[in-house]
Amino acid sequence: MSTRTVLIGVSAALGAFAARAQTSAPAPPKSVTELQREARPSYETEAPEAKSEKRAPARRLEPPQEQNSSDPPESQLSEIVVTTTRIPRHIADEPTRIEVVGPEEIREETAESPGNVSMLLNETSGVHVQITSPGLAAANVRIEGLPGRYTEILADGLPLYGGQASSMSLLQIPPLDLGRVEIIKGVASALYGASALGGVINFISRRPDGKRELLLNETSRQGTDMALWWSGPPSRVGWTYSVSANADRQVEQDVDGDGWADIPGYRRAVITPRLYWSDGAGRKLYLTAGALLEDRTGGTLAGGHVPSGDPNGTPFYEALKTRQYDAGLIGQWPLSPTRMLTVRASFMDRGERLTFGGTYEPSDYRTALVDAAVNGTAGTNRWVTGLSFEEDQYRDETLPALDFTYLVPALFAQDEINLGKSVILSAGGRVDAHSQYGTFFSPRLAALWRPGGKASPWRVRLSLGGGFYAPTPLTGETEATGLARILPLGNLHAERARGASVDIDRLWTLPHGSLETDLTVFGSEVAHAVDLVQVGATPPRFAFVNALRPMRALGTELLVSGRRGPFEFTAIYNYTDSTEVEPDSTSRMTVPLNPRHSGIVTVSWEKEHFGSIGLEALFTGRQTLTGTLTPNPYRTMSPSFVMFGVLLERQVGPLTVFLNGENLTDRRLTRFQPLVLPAQAADGRWTTDAWGPLDGRVISLGVRWRFGKSAAEHSSEDHDEDEPAGRDPSDSP
């Protein structure tokens, strides 16, 4: 089925069902109780833990644990409530294309990488975690081939990692207290403003469940993780709470023996207490706070020097000290039986002290947000409208010329309407008045077509959108090297983008299981894309400039996932063609460090109350290495490579013991080329860009202990966890 055929079909269906909808009587307004049950905000949606499996990627339609072939698929698909689009809906009825990483994947990720979520995202379709600094292992997220700075990272819908998340943020988000992750791919400025030009990743916290858990993990690369989850009982009236805490340590590792730390060292502590309150009549309050302290070191080890093998070489030290504090609140009040007011506010302060060779650069980045929105229903319409004000402030103690303060008031609105039983149409827009770059309108249109009605196993989604991005001196390149060689921002234009995607999903109900197939075709274009170019040689100087021709990204994603009895398998293939035109060139070239072909295959087996076995194979295709600020003298194209992993879990009462093996064939960059350059690059680096893993084979052994309740209670909870995610047991008759 071609993209054109799908678009023609969607257009025809919209017209036909719009005519039908005009003759049908509107549905009566829903009560506040009905609204709360069908459209709970993210912090109210409960996501119980489910069984673990080996890296099952994100899914839009969750296959059931067990399903009678006579049951309509809709009965199994409508339990997950997604909230990132500001109008909460069951995922099967959501017009916008949203990936959901559920409790199963998060539980497994917690066993594999208790300290951060980068592995979980890197194994999600269409998402690529790219290392931006091999010296300190900083990384950002590229969605569908677009640069990582365009990805908005949220916590419960709040910018608690900053309006523009740091490249270190992914390495500092512990997964133990996550309920699920919602991902919007493509232009999403109409929902969240400038920072969401390429997509949104919303980390939704785990609701209090009365459990207390302690996780301990040790790796073969001398990494240690300790994670604690402590929560009050679930409560729909009054106060309850949760606290998550992590302590993580990694010893510097020189994997290839050249005197350079291929794995940087760090010591990190994170604590996040949360409070929840509800009066049982629609008024709710959510309060969160967090503190993060991390010291990270890299570069040459004791006795090491650069260039490697040069007796006259010198040490090169890299370090980053981070102190981050944040707080947020979400309040909800019913205004009438069909109206709800939601107020959000947050503040984040991130202080960093970067040492890069002989350069020391202290800086501070702050983000503040105040947001008020009213949700309501009118017949078959669901709508939201509101006001938002965000402030982003950056201060550099040694380079004040690069300081900035952005003030951005905004007005947004969105409307969703059911056109009969087969079509849901969503349209919205946002107006941002940016204090530096002017006023921008970001439109958005999405449509869901269910051929044959709501119970149809087919879902066809069409999304269109436009947006903008306000340039800052903080990019993946400058966060790695500091700003000492960067000139102040000149007369830049804001980056403008437009994008579209078509998504076709089918859930097949089988006699003894289920099968899901999903095909996505996407495309986006970024005009005035900002590039960092060298403008001086002695001393080296770099400046940001707007590209004369747009950056483009086109591609497809194909997912096949099935389950039968205790077995499950998933196969994903991604094709991404991302191109740009450099400022000093007229020809279009492939964006470097973007694999055109990638994929993952996972197979898992699980026996309830006993344990599980999971296997995976991860494929990364060739990547262009030319066109970066740091030229690679060893090769112009990376090789393709395959990595294999295995996860073994054994449950014994309240204890779960897990043994995890990553990259078992020890595929790493330094098997193909040196990491350290023969001479220092103009941007100050001593390493090439990291197109592949640097740590190689890693084996970890850990234990997860649930305490504070009897084994019998835990056994009962295990049965309760079969309840689909997003369903509140008290909603049942």
> What residues, two or more places apart in sequence or in another chain, satisfy salt bridge (charged side-chain N to carboxylate O under 4.0 Å, His left out) together with Arg430?
Replying inline: Asp432
>> Under a plain distance cut-off of 3.5 Å, with no hydrogens placed, do Asp156 and Ser205 share a side-chain donor-acceptor pair?
In response: yes
> With Glu477, which residues qualify under salt bridge (charged side-chain N to carboxylate O under 4.0 Å, His left out), at least two apart?
Replying inline: none
>> Could you tell me if Asp326 and Ser346 have a donor-acceptor pair between their side chains, going purely by distance under 3.5 Å?
In response: no
> Is Arg496 positioned over the aromatic face of Phe440, cation under 6.0 angstrom from the ring centre and no more than 45 degrees off axis?
Replying inline: no
>> Under a 3.5 Å threshold, yes or no: a donor from one side chain and an acceptor from the other, between Asp577 and Thr579?
In response: no
> Sub-3.5 Å donor-acceptor pair from the side chain of Arg86 to the main-chain atoms of Tyr192, do we have one?
Replying inline: no
> Quick one: are Asp392 and Tyr365 in side-chain contact, heavy atoms under 4.5 Å?
Replying inline: yes
>> So, taking the atom named CG in Leu407 and the one named CD in Glu390, what distance separates them when rounded to the nearest 0.5 Å?
In response: 10.5 Å
>> One pair to check against side chain to side chain contact (heavy atoms under 4.5 Å, CB included): Val127 and Val141. What are the steps and the verdict?
In response: CA-CA 7 Å; Val127 176; Val141 181; 3.4 Å; yes
>> I'd like to know whether Arg366 forms a salt bridge (charged side-chain N to carboxylate O under 4.0 Å, His left out) with Asp349, so could you lay out the CA-CA distance, the side-chain angles of the two residues, the decisive distance to 0.1 Å, and finally the verdict.
In response: CA-CA 5 Å; Arg366 296 178 180 177; Asp349 182 276; 2.6 Å; yes
>> I'd like to know if the side chain of Gln164 pairs up with that of Thr472 as donor and acceptor (distance under 3.5 Å, no hydrogens or angles considered).
In response: yes
> Rounded to the nearest 0.5 Å, how far does CD of Gln414 lie from CG of Asn375?
Replying inline: 9.0 Å
>> My understanding is that only residues two or more places apart in sequence, or in another chain, count here; which of them pass side-chain contact (heavy atoms from CB on, under 4.5 Å) with Ser442?
In response: Ser189, Ala190, Phe468
> Side chains of Ile424 and Arg89: does their closest heavy-atom pair fall under 4.5 Å?
Replying inline: yes
>> Please report the interatomic distance CD(Gln324) to CG(Leu160), rounded to the nearest 0.5 Å.
In response: 8.5 Å
> For the residue pair His493 and Asn546, what are the closest heavy atoms and their distance?
Replying inline: N-OD1, 2.8 Å
>> Does the structure place the NZ or CZ of Arg344 under 6.0 Å from the centre of the six-membered ring of Tyr286, at an angle of no more than 45° from the ring's axis?
In response: no
